[in-house]
Amino acid sequence: MSVGLQRLRAEPDVIRKGASDKGEDPALVDLALALDERRRARLGESDSLKAERNAASKRVGEAVRGGADPAGPEVAGIRASAAALGERIAALDLEITGIEAELEEAMLRIPNPADPDVPVGTAEDDVTVRTWGELLPRVAPVEGEVGADAAPGGATWVRLPHWDVAESLAIFELERGAKIAGSGFPVYRGAGAAMQRALIDFFLRTHTVENGFTEIWPPAVVNSASARGTGQIPDKEDQMYVVTRDDLYLVPTAEVPVTNLHRDEIFDAGALPVRYAAYSPCFRREAGAAGKDTRGILRVHQFDKVEMVLFERPEESSDALEWMVGRAEDLLRRLGLAYRVLLMATGDMGFVQAKKYDLEVWAPGVERWLEVSSCSNFRDYQARRMQIRYRPAPGAKPELVHTLNGSGLALARVVAAILETYQRPDGTVDVPAALRPFMGIDRILPPGT
RNA sequence: GGAGAGGUCGCCUAGUGGCCUAGGGCGCCGCACUGGAAAUGCGGUAUGGGGCAACCCAUCGAGGGUUCAAAUCCCUCCCUCUCCGCCA
């Protein structure tokens, strides 16, 4: 169950349109409605038979307590009819279980309808909401520097891709990573390692001290129930590393353990919003992406990320999404990285999201936009699957919360963008001012200098 | 990893096949009493599903089984605690 039977019954047209906008089959809605009808009919029968049986059992108990012979004919008659009821109940319940399995199967394939303000269409219909910062060119005039760094007038220099910068500065080692683990498992060294640590610290500190998030340091593995909760299984099972021996999954994002913290829980009336910022390593098999982005650290099997996870009251979730995007943007601005914000169209946003923004940072060395954050509002879709609820008021009936999450931010691509944005004609790289207190150096120099 | 003890309503606890339709206490909410409060008394206080409703059904860590009937008996699993071993 993900979209909710009540809503399905109340506004099937909205759900049908939501499905077709996302390129899914709207007929599933009618299938689900029919199954729901059948289920309720059978359930009514089963429930009243159970009520009869309970009454009969009670009569047996009263008779025995009243001194009747438990094996005598008086009791035997009731027992026989109760047993007959039991058989009919068992048959009905078997049928109901079957119907419910079909219904759930159908419900799981009905996507979360997108918000009304989301553009309908494919990736081509994504909307660039805003762009910030100067888009540095790959080939730039050598300018302005005084003294030793100055170059002859009119000269140009070419910004290198981050992998070339990394090699000359010995910041990370992809071949040795491949030797000890496999390709796509980078080893960070020296200032590169320090930059990882500094970014994590900078992000977490900003979120906790300035933005009011509670910091979480989650396990890097989860059990199958948690993987199911956020929809990693069965949908994205191929993307995860699995420890079959212990039925554990390496987390592909902190979203999985952190959202599951409140699975099957009910928040008290005043508890929301609950906002977490969590660092975790992220493990992704990237099945099906072989041969794509093979150079550098744009697509790796293990990277680091600080994730924002929000549990909100339904009426606040729309504002919370905009706020969360702003928190991620703030980090990029402080790092001095040019970026753009994309509002994803219905066909490009995924099955479970109601609204999704991507943040892409400009990497002048490879002349590409790199996705470093994805911020989504799931509304009650994910909460329904995980049964995460809250009380609107003390003593009131529990209702589903709205969940949101977004990267704030993903490290590997941020590092790539920093190396390409802050490199200098002499091959060194300036440390962005925001990171200097965390790294303790102002500039990354080649080893041995 | 070995041995033992446990998992019951927000919390504590009673409960060894049928008056369990899960009792009691604490907490919480309402009402009464009060100038106001404390104390006291009375009532209420889980979640999901079905039904217009009265009401019915399900849930005592999870899942199976035995039985007319399971919190209670049997099987499997999960978790917590104590002791021992090992260990960053």
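- Between Ala191(A) and Ile444(A), the shortest heavy-atom contact is CB-CG2, 3.8 Å.
- Residues passing the salt bridge (Lys or Arg N to Asp or Glu O under 4.0 Å) test with Asp21(A) are Lys17(A), sequence neighbours excluded.
- Between the C1' atom of G48(B) and the CZ atom of Arg384(A) lies a distance of 14 Å, rounded to the nearest Å.
- Nucleotides C20(B) and U72(B) place their C1' atoms 11 Å apart, quoted to the nearest Å.
- Applying a 4.0 Å cut-off to non-hydrogen atoms, none of the residues of residues 258-265 of chain A approaches RNA chain B.
- Residues Ile233(A) and Met240(A) meet the side-chain proximity criterion, which asks for heavy atoms closer than 4.5 Å.
- Contact between the side-chain N/O atoms of Arg39(A) and the OP1/OP2 oxygens of G49(B) is not found at any separation under 4.0 Å.
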Please list, for nucleotides 75-77 of chain B, all pairs of protein and nucleotide N/O atoms separated by less than 3.5 Å.
none

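- Residue pairs meeting the ring-ring contact (aromatic ring centres under 6.0 Å, His included) criterion with at least one member in residues 306-337 of chain A, sequence neighbours excluded: Phe213(A)-Trp323(A), His262(A)-Phe311(A), Phe267(A)-Phe311(A).
- At the heavy-atom level, Arg9(A) lies under 4.0 Å from the strands shown only through sugar-phosphate atoms.
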Protein proximity profile, nucleotides 58-70 of chain B - base contact B, sugar-phosphate-only contact S, no contact -, cut-off 4.0 Å on heavy atoms = S---------BS-

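- Taking each heavy atom of Pro432(A) and Tyr422(A) in turn, the nearest pair found is CG-CE1, 3.6 Å.
- Only the C1' atoms considered, C42(B) is 11 Å distant from C33(B), to the nearest whole Å.
- Base-pair partner of G63(B): C75(B) (Watson-Crick or G-U wobble, both distances under 3.5 Å).
- Two residues are said to be in side-chain contact when any heavy atoms from C-beta on lie closer than 4.5 Å; Phe185(A) and Ile180(A) fail this criterion.
- The shortest distance between side-chain heavy atoms of Ile418(A) and Leu199(A) falls below 4.5 Å.
- U82(B) and A3(B) make up a base pair, with Watson-Crick or G-U wobble contacts both under 3.5 Å.
- In this structure, Arg42(A) does not reach the G49(B) phosphate: none of its side-chain N or O atoms is under 4.0 Å from OP1 or OP2.
- Listed by chain and number, the residues in a salt bridge (Lys or Arg N to Asp or Glu O under 4.0 Å) with Glu87(A) amount to none (sequence neighbours excluded).
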